[in-house]
Protein chains: 4
Amino acid sequence: MQIRTDLALEAREMINEKKTGALKDVGKLPEGIIMETTDKPNVLVTRITVENDEAAQAINKKKGRYVTIELKDGELNSIDVYQEVAKTLCDELEAFMPSKNPSIMIAGLGNWNVTPDSLGPKVVEKLVVTRHIKDSMPKDSLDPRLGNVCAVAPGVLGITGIETGELLQGVINRIKPDIIFAIDALASRKTSRINTTIQITDTGIVPGSGVGNKRMELSRDTLGIPVIAIGVPTVVEAITLAKDLLENASGEELEESLYTSISKTCGAEMVVTPKNIDIAIERMATTIANGLNMTIHKGFDFGDINDYLM
Amino acid sequence: MQIRTDLALEAREMINEKKTGALKDVGKLPEGIIMETTDKPNVLVTRITVENDEAAQAINKKKGRYVTIELKDGELNSIDVYQEVAKTLCDELEAFMPSKNPSIMIAGLGNWNVTPDSLGPKVVEKLVVTRHIKDSMPKDSLDPRLGNVCAVAPGVLGITGIETGELLQGVINRIKPDIIFAIDALASRKTSRINTTIQITDTGIVPGSGVGNKRMELSRDTLGIPVIAIGVPTVVEAITLAKDLLENASGEELEESLYTSISKTCGAEMVVTPKNIDIAIERMATTIANGLNMTIHKGFDFGDINDYLM
Amino acid sequence: MQIRTDLALEAREMINEKKTGALKDVGKLPEGIIMETTDKPNVLVTRITVENDEAAQAINKKKGRYVTIELKDGELNSIDVYQEVAKTLCDELEAFMPSKNPSIMIAGLGNWNVTPDSLGPKVVEKLVVTRHIKDSMPKDSLDPRLGNVCAVAPGVLGITGIETGELLQGVINRIKPDIIFAIDALASRKTSRINTTIQITDTGIVPGSGVGNKRMELSRDTLGIPVIAIGVPTVVEAITLAKDLLENASGEELEESLYTSISKTCGAEMVVTPKNIDIAIERMATTIANGLNMTIHKGFDFGDINDYLM
Amino acid sequence: MQIRTDLALEAREMINEKKTGALKDVGKLPEGIIMETTDKPNVLVTRITVENDEAAQAINKKKGRYVTIELKDGELNSIDVYQEVAKTLCDELEAFMPSKNPSIMIAGLGNWNVTPDSLGPKVVEKLVVTRHIKDSMPKDSLDPRLGNVCAVAPGVLGITGIETGELLQGVINRIKPDIIFAIDALASRKTSRINTTIQITDTGIVPGSGVGNKRMELSRDTLGIPVIAIGVPTVVEAITLAKDLLENASGEELEESLYTSISKTCGAEMVVTPKNIDIAIERMATTIANGLNMTIHKGFDFGDINDYLM
């Protein structure tokens with residue numbers, strides 16, 4: 001009967017809701033949770049740090065840092081907004097980078113044949129990767145701004161028969177990157193967050209949280225190197241929407257029997273998603289890829305990226 | 001505050017719900033509505049006739065015939081089910097055919113770039129069309145089973161700037177078919193109907209009912225020839241799901257103010273759809289296309305269709 | 001044994017080749033053919049006018065105007081080149097526009113499922129269409145720069161069973177535009193032209209010239225309104241490449257028997273195309289769509305287009 | 001000036017051509033090459049064994065076994081042909097299987113965004129993979145016919161920055177399969193072979209031979225386990241077609257200078273491919289996937305596969 005949310009921001013809101021019984025002002029933070037925000041023209045940045053185990057338990061999220069970039073206006077629908085989001089992503093990722101010139105691996109999680117789950121693979125296609133040219137070309141002939149980056153789209157368990165974590169363990173062991181960025185579609189509690197929120201965290205990720213079953217975690221614990229997860233809610237599970245609606249209406253937690261009956265109505269496999277999901281995912285993938293391209297290749301701007309990719 | 005449903009079956013259920021206040025046994029039919037069912041191994045066929053204007057008003061559906069083919073087991077997930085559905089579609093369409101050898105036009109409505117709205121264009125791609133070879137080849141050299149059929153995928157207003165109805169009027173006026181079959185994605189009230197129900201009706205269709213705004217109706221009134229609509233629910237609007245959940249929970253109709261507040265939560269552009277919508281639409285398109293292929297080309301079986309299309 | 005070329009530029013070169021026996025300097029022009037060129041940083045513009053029937057016969061092209069925009073550097077691989085090509089297209093189209101504020105229809109010819117033939121439908125998806133909002137919104141609330149434009153992607157004969165010309169006749173008769181722009185993939189004689197040359201002509205077009213059989217012509221004669229064709233070579237037929245290679249090597253025209261034997265080797269259905277055709281078509285479609293968007297909506301720049309389409 | 005062919009059958013033909021100067025009857029085999037054929041209704045199976053280093057040098061192919069399945073009629077255009085090809089593939093793969101119940105990994109090489117290079121990834125999508133359910137479900141509840149198989153689509157160097165061989169080394173080291181099947185698009189010398197020939201070999205494969213540059217070989221030498229390559233020609237390089245045409249016409253080897261000049265005309269990046277490549281690749285992928293599904297899951301027939309995948 002547990003509600004699925006992958007966003008620390010929402011997890012925090014849920015504590016307060018539990019106390020108050022319904023959607024209310026989010027009040028005092030539990031101890032050990034630090035939160036700060038930056039207000040930009042088109043986006044709101046929220047940085048949450050979960051400092052200790054008590055705080056982690058309170059919020060039901062792992063100890064670590066969570067940065068959320070929220071679109072104020074609800075859609076990635078102009079060049080200005082797109083550029084501000086990509087630059088903000090680039091700025092915030094700075095704080096997660098381990099060293100001056102790390103070798104980076106980017107993992108685009110998810111299934112390229114299932115639209116709301118295709119964010120990760122789509123980001124991979126839009127990256128300026130360099131590991132192969134760094135290795136094979138004379139150093140002098142290379143653009144000095146280029147960082148060292150490679151990328152994989154490991155696919156999903158149902159198609160490969162291999163846990164994403166196992167596959168990445170094998171590849172990491174061979175390629176030996178310093179850090180991994182894992183991009184994935186997430187589940188949210190609110191439809192308003194779909195394709196409008198980006199979460200960065202150093203606590204890792206469980207692939208398939210967005211549209212699939214929970215699996216082996218990708219984190220420093222399991223992969224042995226820092227794992228920075230970049231997630232975007234692309235769906236709300238229908239059952240989550242239903243539960244929230246009914247609890248907000250009644251002001252009480254849903255009874256087990258009613259939950260079970262709604263589960264049948266909503267269908268375990270049903271998700272809420274915007275009509276224009278194909279276009280929205282495409283745009284979000286471009287935004288994240290270019291935020292990453294500017295993070296990795298110091299001094300790149302949008303024109304540079306286009307020249308490299310065209 | 002009107003609930004959207006394109007299915008006569010659901011419309012009928014709604015009357016009884018209104019009377020009883022919640023989902024109950026569907027009782028006596030209003031006068032002027034005739035209903036009969038056929039139970040097959042994997043599908044249930046329901047034939048509803050709305051005989052007069054009073055009945056039409058009672059059920060909020062136009063006067064005419066509505067046939068619904070429902071998958072009993074909830075998914076088009078085996079060859080046996082697929083073949084039974086396609087054959088049933090072929091059998092039921094028989095009753096809507098106007099004459100021995102009509103020239104037929106098939107219109108695949110919707111947007112091929114928006115997955116839940118791409119059913120119509122996908123059906124068009126899987127048809128065995130013949131109008132051009134009927135015209136250009138000597139009659140003796142043609143397979144005598146071949147009917148006369150052409151197809152169009154007119155696109156959607158937002159991309160073309162042309163109402164589907166206007167475009168079809170122009171084409172019909174030039175091509176002069178005897179009858180038109182219009183395939184479209186519909187909106188349903190229940191997630192359980194998504195990709196599991198096919199409705200055939202001779203009352204026409206309003207394009208974009210499934211995922212878009214209501215537009216000019218396609219019917220014998222507007223197009224001048226019989227219009228047989230074949231529709232499949234591919235989404236439930238999030239707001240519809242929400243309204244039904246809350247009304248069933250409370251046993252009362254939703255207050256206007258609450259409805260408005262939920263509209264914001266659910267998002268006007270949000271739909272409920274299964275995770276595997278890409279695959280589900282592909283299968284349903286194959287099923288409908290082959291039901292049509294067998295209806296039009298008398299004596300064709302699945303092997304014949306494959307040989308023609310491969 | 002006729003070589004297929006849809007480009008007037010190539011047709012003209014062929015006359016001189018015939019005289020000289022092989023690829024040589026293109027010498028004096030036949031009478032009645034006027035040619036002028038403009039040299040820009042990244043593109044070369046050639047304007048050919050075929051003034052009379054003798055000239056038309058000499059060059060085997062219809063009487064009328066032909067403008068060719070050629071990429072000097074062989075690829076649409078930077079933002080600068082893309083913008084210069086789109087702006088040049090916009091400038092050249094000016095001369096083909098019939099009146100101050102025409103109502104325009106754009107026809108994207110070809111098959112969206114066959115990559116080298118999908119240019120037309122892809123252009124349609126990237127247009128800012130307005131006919132439906134011009135009709136339904138109060139004039140004051142509209143951006144005054146917006147022209148009146150609608151678009152269709154009529155599909156191909158093999159899928160629809162309807163000649164593109166017939167379908168357009170029907171639609172034009174209903175919608176009554178002042179002018180039609182028809183976008184299509186063409187066949188060229190030289191691989192170097194693939195995705196690097198845009199031809200504009202007021203002589204019309206025969207759909208499917210690029211990858212298909214010759215069909216009913218689209219022109220003022222058949223459609224009753226001016227038809228401006230915008231074509232881009234996306235393939236060279238394998239047999240054309242073979243014939244040219246052998247004739248250039250031998251300095252003589254190919255014998256009939258050898259041609260027949262090569263036809264078998266090359267395969268009637270074989271085309272020469274770049275490996276990256278998917279990406280190349282996508283870029284060219286964006287370029288042409290935005291050239292058209294700037295032509296139709298006076299004063300639009302690239303940012304405006306993006307804001308409208310995002 | 002070396003011609004690219006990945007087919008042993010073609011390599012053998014080339015020796016005899018060199019001796020005779022042009023395409024002639026293929027005469028006596030070099031010593032150490034054994035060849036046998038089986039003639040079936042729709043396909044011709046040729047089994048070539050290169051027994052020793054001298055033979056390998058003579059034919060310019062590695063020592064090992066090569067099986068070729070050729071479509072007699074040139075196209076995979078009916079259910080009968082499709083089923084015969086898939087069953088033949090299944091029968092021939094038998095001879096390459098190492099033990100009773102091996103754990104198998106299938107690698108779908110190539111780029112899913114470049115149509116003629118997308119065969120490998122498309123095969124992966126159509127496989128019935130089982131490794132994850134074998135591991136997690138009680139043995140009794142599993143269909144006893146199911147073998148143990150997983151699959152990866154490693155992507156291409158230009159998008160990932162990682163050599164396919166490196167990535168597979170990492171994954172194999174973690175997953176420890178007994179054998180790997182690698183599916184890839186190949187280059188051929190003859191357009192007639194495109195999408196009509198399947199080659200199986202135990203000598204491994206160099207990824208990107210079809211449409212890309214030569215890279216690190218995948219073979220038992222580099223990966224440490226048996227590598228069975230399944231390749232299908234999907235393109236002929238334009239320069240190969242040109243060279244063959246001119247040499248056959250003249251009866252002499254092409255001069256270096258002429259070759260260089262033709263290279264420019266044909267374009268290094270130009271390939272010959274059928275117009276309907278999108279459909280042809282789809283069908284071939286289904287055929288190979290189902291040949292593999294029947295090989296791995298003993299006793300499966302086409303109905304079983306469909307039930308598992310639907």
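Values in this document were obtained by computation on a predicted structure and should not be read as measured data. In what follows, every chain begins at residue 1, and chains take the letters A, B, ... in the order their sequences are listed.
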Below 4.5 Å, heavy atoms only, C-beta onward: do T273(B) and V271(A) meet side chain to side chain?
yes
What is the distance from atom OG1 of T115(A) to atom CD1 of I277(B), rounded to the nearest 0.5 Å?
9.0 Å
Per-residue contact mode, I194(A) against chain B (heavy atom under 4.5 angstrom):
side chain
If every non-hydrogen atom of K275(B) is compared with every non-hydrogen atom of V114(A), which pair is closest and at what distance?
O-CG1, 3.3 Å
Below 4.5 Å from any heavy atom of chain B, which atoms of N113(A) appear? Answer side chain, backbone, both or neither.
backbone
Partner set under side chain to side chain contact (heavy atoms under 4.5 Å, CB included) for T196(B), not counting sequence neighbours:
L71(B), R193(B)
If I take atom CG from residue D278(B) and atom CG from residue D278(A), how far apart are they, to the nearest 0.5 angstrom?
7.5 Å
